[in-house]
Engineer: 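Here you go, one structure.
Note that the structure is predicted; figures quoted are calculated from it, not measured.
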Amino acid sequence: MAIFGYARVSTRDQDVAAQVAELMTAGCAKVYREKASGAKTDRPELGKIIGRLEPGDVLMVTRLDRLARSTRDLLNVIEEVSKRSAGFRSLKDIWADTTSPHGRLMLTVLGGLAEFERQLIRARTGGGESGLLSVA
């Protein structure tokens, strides 16, 4: 089992040093660094780290906003990590930890809420509804 860190900043003027130090202190064997907007879906270093994960490994970030810009993006990344039988942890967002039962529960609930939101959006845009839920 290995713990790999992912540190990201959005602009060239920012520095990943503080994130790297935090991740190394938390036990990361290696920290992948990236300077890219979180809104970009093509983040080569994130792709490398996910591709390297083996069963039992953990992907760690300092904060969720370093990994994803939206709930859907976060859930997609965590799904890719899970497909590799690896775990995910955020140091500052302690509830976001798929290596613990409580963390898995929280992320499952978050995934359900994101799916509910997608269904509401589809219903409103597809049916031209006012956006109000009707209870049958």
Engineer: Taking all atoms of both residues into account, what is the closest heavy-atom pair of Q14 and K35, and its distance?
Structural biologist: O-NZ, 3.2 Å
Engineer: Any idea which heavy atoms bring V20 and A7 closest together, and the distance?
Structural biologist: CG2-CB, 4.1 Å
Engineer: Heavy atoms only: give me the nearest D15-V9 pair and the separation to one decimal.
Structural biologist: O-CG1, 3.6 Å
Engineer: Hey, could you give me each pair passing side chain to side chain donor-acceptor pair (under 3.5 Å) that has a residue in residues 16-32? Not counting sequence neighbours.
Structural biologist: E22-K92, Y32-R52
Engineer: List the atom pairs, with distances to 0.1 Å, where a side-chain N or O of residues 80-87 and a protein N or O form a donor-acceptor pair under 3.5 Å, not counting sequence neighbours.
Structural biologist:
unit_1: E80; atom_1: OE2; unit_2: K83; atom_2: NZ; d: 3.3
unit_1: S82; atom_1: OG; unit_2: I78; atom_2: O; d: 3.0
unit_1: R84; atom_1: NE; unit_2: I50; atom_2: O; d: 2.7
unit_1: R84; atom_1: NE; unit_2: L53; atom_2: O; d: 3.1
unit_1: R84; atom_1: NH2; unit_2: G51; atom_2: O; d: 2.8

Engineer: Nearest 0.5 angstrom please: K48 NZ to R43 CZ, how far?
Structural biologist: 14.5 Å
Engineer: How close do L64 and D93 get, counting heavy atoms only, and between which atoms?
Structural biologist: N-OD2, 2.8 Å
Engineer: State, yes or no, whether a side-chain contact exists between F88 and T99 at a heavy-atom distance under 4.5 Å.
Structural biologist: no
Engineer: Would R8 and V16 count as a side-chain contact (heavy atoms from CB on, under 4.5 Å) here? Give the steps.
Structural biologist: CA-CA 6 Å; R8 184 189 61 78; V16 296; 5.9 Å; no
Engineer: What distance do M60 atom CE and L91 atom CG have between them, rounded to the nearest 0.5 Å?
Structural biologist: 5.0 Å
Engineer: Taking side chain as C-beta onward, heavy atoms only, is D73 less than 4.5 Å from L67?
Structural biologist: no
Engineer: Working to the nearest 0.5 angstrom, can you tell me the gap between L23 CG and R33 CZ?
Structural biologist: 9.5 Å
Engineer: Strictly by modelled atom types, are E34 and Y6 linked by a side-chain donor-acceptor pair under 3.5 Å?
Structural biologist: yes
Engineer: To the closest 0.5 Å, what do you measure between SG (C28) and CG (L59)?
Structural biologist: 8.5 Å
Engineer: Around atom CD1 of I94, are there more than 12 heavy atoms from other residues, nucleotides or ligands closer than 6.0 Å?
Structural biologist: no
Engineer: Which pair of heavy atoms, one from S100 and one from G103, lies closest together, and at what distance?
Structural biologist: OG-N, 3.0 Å
Engineer: Roughly how far apart are M1 CE and D57 CG, rounded to 0.5 Å?
Structural biologist: 7.5 Å
